[in-house]
Amino acid sequence: MFEWFDRCDQRQRDLAAGVDADLVRSNRKKWRIWLWLLGVGFVLLGVDHFAKFHGLIQEIVRWISGLLFVGAMLLGYWAQQESAFLNTPDPKKPPSLFK
């Protein structure tokens, strides 16, 4: 049990030292894009609500905002899984017969 804490601490030190810096940077970019997609989707819904669009324009705005929400959820899930992978410590090495 305590070995897991040691491995987790070692992984955090590795990340702080710059190991996998490119993966961490790309994951942060995914989180920023997720936030941007979510924000634009909410802004479009707000514009639709306050501008009182009718007919085809209203349908187009709602479809675009829906697609933005779906894209944001998929990208957010991907970024979440990548964060979990990056923060997981390396597995314990199996026992060896020969040293």
Side-chain angles (χ1 to χ4, degrees):
M1 178 71 173
F2 291 111
E3 293 174 0
W4 184 84
F5 289 119
D6 292 337
R7 291 193 322 262
C8 189
D9 187 45
Q10 178 63 40
R11 180 62 183 161
Q12 293 305 316
R13 281 184 297 209
D14 289 345
L15 288 174
V19 175
D20 296 333
D22 55 338
L23 294 175
V24 172
R25 192 176 323 113
S26 70
N27 195 36
R28 286 184 185 148
K29 185 177 179 183
K30 284 182 185 86
W31 281 116
R32 280 194 301 271
I33 293 172
W34 169 80
L35 187 60
W36 183 83
L37 288 173
L38 206 60
V40 171
F42 278 121
V43 166
L44 274 177
L45 282 180
V47 166
D48 178 43
H49 178 72
F50 289 115
K52 307 285 188 213
F53 291 128
H54 296 288
L56 184 61
I57 302 268
Q58 182 182 27
E59 289 296 318
I60 291 172
V61 169
R62 287 186 179 177
W63 271 99
I64 289 174
S65 63
L67 289 175
L68 287 172
F69 284 132
V70 169
M73 291 303 117
L74 291 174
L75 190 64
Y77 183 73
W78 182 13
Q80 179 186 19
Q81 294 300 315
E82 201 168 279
S83 291
F85 174 75
L86 287 172
N87 291 321
T88 301
D90 293 332
K92 188 167 82 170
K93 291 185 172 50
S96 175
L97 293 175
F98 305 106
K99 290 189 178 189

Quick check: closest heavy atoms across [X] and [Y], and the distance to 0.1 Å?
X     : Y     : result
Ser65 : Gly41 : CB-O, 3.8 Å
Phe42 : Phe69 : N-CZ, 3.7 Å
His49 : Lys52 : O-NZ, 3.3 Å

[atom1]/[X] to [atom2]/[Y] distance, rounded to the nearest 0.5 angstrom?
X     : Y     : atom1 : atom2 : value
Leu45 : Ile64 : CG    : CD1   : 11.5 Å
Trp31 : Ser83 : CH2   : OG    : 5.5 Å
Asn27 : Gln80 : CG    : CD    : 10.5 Å

>> According to salt bridge (Lys or Arg N to Asp or Glu O under 4.0 Å), who are the partners of Arg25, at least two apart in sequence or on a separate chain?
In response: none
Consider only side-chain heavy atoms of I, L, V, M, F, W and Y, link residues closer than 4.5 Å, and tell whether [X] and [Y] are in one cluster.
X     : Y     : value
Leu35 : Val24 : no
Leu44 : Leu74 : no
Ile33 : Tyr77 : no
Leu37 : Val47 : yes
Trp36 : Leu75 : yes

>> Under the criterion side-chain contact (heavy atoms from CB on, under 4.5 Å), I'd like the reasoning laid out for Trp34 against Trp78: C-alpha separation, chi angles, the key distance, then a yes or no.
In response: CA-CA 10 Å; Trp34 169 80; Trp78 182 13; over 6 Å; no
> Is there a side-chain contact (heavy atoms from CB on, under 4.5 Å) between Phe53 and Glu59 once you walk through the steps?
Replying inline: CA-CA 9 Å; Phe53 291 128; Glu59 289 296 318; over 6 Å; no
>> The criterion is side chain to side chain contact (heavy atoms under 4.5 Å, CB included); which residues satisfy it with Leu23, sequence neighbours excluded?
In response: Asp20, Leu86
